[in-house]
There are 2 protein chains.
Amino acid sequence: MDQLSEKGNITRARIVETARELFHKQGVRATSIDQILETSSTGKSQFYHYFSSKDDIVHEVLRFYMRIVESGRGPVLLNIESWDDLERFFYDHVEGVRMLGYERSCPLGSIANELASENEQVRVDVNLVFGYIRNSISGFLKGLKSEGKLKKSADPDALSDFSIATVQGALLLAKVRKDGTPAENTVKHALIHLKSFAK
Amino acid sequence: MDQLSEKGNITRARIVETARELFHKQGVRATSIDQILETSSTGKSQFYHYFSSKDDIVHEVLRFYMRIVESGRGPVLLNIESWDDLERFFYDHVEGVRMLGYERSCPLGSIANELASENEQVRVDVNLVFGYIRNSISGFLKGLKSEGKLKKSADPDALSDFSIATVQGALLLAKVRKDGTPAENTVKHALIHLKSFAK
DNA sequence: CGAAAATTGAACTGATTAGTACAATTACTG
DNA sequence: CAGTAATTGTACTAATCAGTTCAATTTTCG
């Protein structure tokens, strides 16, 4: 790959953003490179100038999500420092799929579900993002525990995995039902359970 | 479609079973009809004799799951009449993905996640199965409630959706982590929460 | 048996796929 | 301004895709 000029960076970013949107909307395998190029008004030579393969752009889309999450610029608050923050973490996700008409689930969960068994890089990439979120939640819970504000029986790591899993399941259920109610009920009960460990 | 002879039924069932396995293993879009035919040692004319399209066999695979669930012949106990049954419902799912090396999530959730937004029939089909499971769990909880064995604040329908979502999320997380521990923790905490409504 | 119906094999089509080749053009830099 | 590097447009390939055609074979049943 050559050094990128400002113009090159813009083109590259436009391709990544278009791919990200299409992967979320319809899945990776349902999205052809030609469709990414047509939607982003880009030529094929440009695509293969910036990316080496379809697997490569999937990887770049996942790295994009990782940067979003790390930088805190995403639509979901991930810097969790209070019970209110944790509550917002859950409800931001439900609100996110509501805005999209309950026609999509989690963009990361979808890609992982579609490709993780056949593409180890995808599994690792998604794991990195999930791991970051896991650390964010468990860090909050561990902090509470050290302050004596969480029951000793509470396992922060296990409760973090529980949180991520319930969000993933809630978003999938919203998509299957095309209705936010089951997802809202799911995260509501997940929060009740988590807060039951507070003291 | 002509009337099916016994031989025809066997061929048809072989195709459905092969498609079901491949869809679960690698996804629907990653599975070509040619691969289904090669794996099941069947010719293409046979496939289009018994099924009208790829969408059609996806539908038939989902109907197969529905029959499995209704008949109680599946690997997961769905006739839930006690807390032990409900506990088994959760752990059967985790055990199911453990047996497959944590390389797959829920076969229905996977197909729904991949296709529900673009194929309404798929969404409806998966909803039928999820609805059956939902009724099974909420029926048990409603029974408890009428016997005064469940807190009045408990909402059986909401808790059923919570149960289905946590299972879906747990299985996805197991696949992403290639490890059963987060899924076990998830269903363990889901059960603790559900049982907190018992009295 | 013998005819009708069900089942199957093999070759084919047209569209779409990921990826390549290569020349043309634009932008940067000394 | 001249040369070099970055960027882009067009045309292409070989493989694979879902689906079709049609004749051959097997099974069923009076």
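Quick note on labels: first sequence line is chain A, next is B, and so on, each numbered from 1. Just so you know, these numbers come straight off a predicted model, no measurement behind them.
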Within this structure, what is the [atom1]-to-[atom2] distance between [X] and [N], rounded to whole angstrom?
X       : N      : atom1 : atom2 : answer
B:Tyr50 : C:dG9  : OH    : P     : 10 Å
B:Arg29 : C:dT17 : CZ    : P     : 10 Å
B:Asn9  : C:dT8  : CG    : C1'   : 16 Å
A:Phe47 : D:dC12 : CZ    : P     : 22 Å
B:His49 : C:dG9  : NE2   : C1'   : 14 Å
A:Asp34 : D:dC12 : CG    : C1'   : 13 Å

Plane angle bin for A:His189 and B:Phe162 - parallel if under 30°, tilted between 30 and 60°, otherwise perpendicular: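 If you compare the ring of B:Phe162 with that of A:His189, the planes turn out tilted.
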Mutual orientation of the aromatic rings belonging to B:Phe140 and B:Trp83 [parallel < 30°, tilted 30-60°, perpendicular > 60°]: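 B:Phe140 vs B:Trp83 ring planes: perpendicular.
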Check this one for me: any side-chain N or O of [X] less than 4.0 Å away from OP1 or OP2 of [N]?
X       : N      : result
B:Gln46 : C:dT8  : yes
B:Thr11 : C:dT8  : yes
B:Tyr48 : D:dT21 : no
B:Ser32 : D:dC17 : yes

Rounded distance (nearest 0.5 Å) linking atom CD of B:Glu60 with atom CZ of B:Phe51: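 If we round to the nearest 0.5 Å, B:Glu60:CD and B:Phe51:CZ are 6.0 Å apart.
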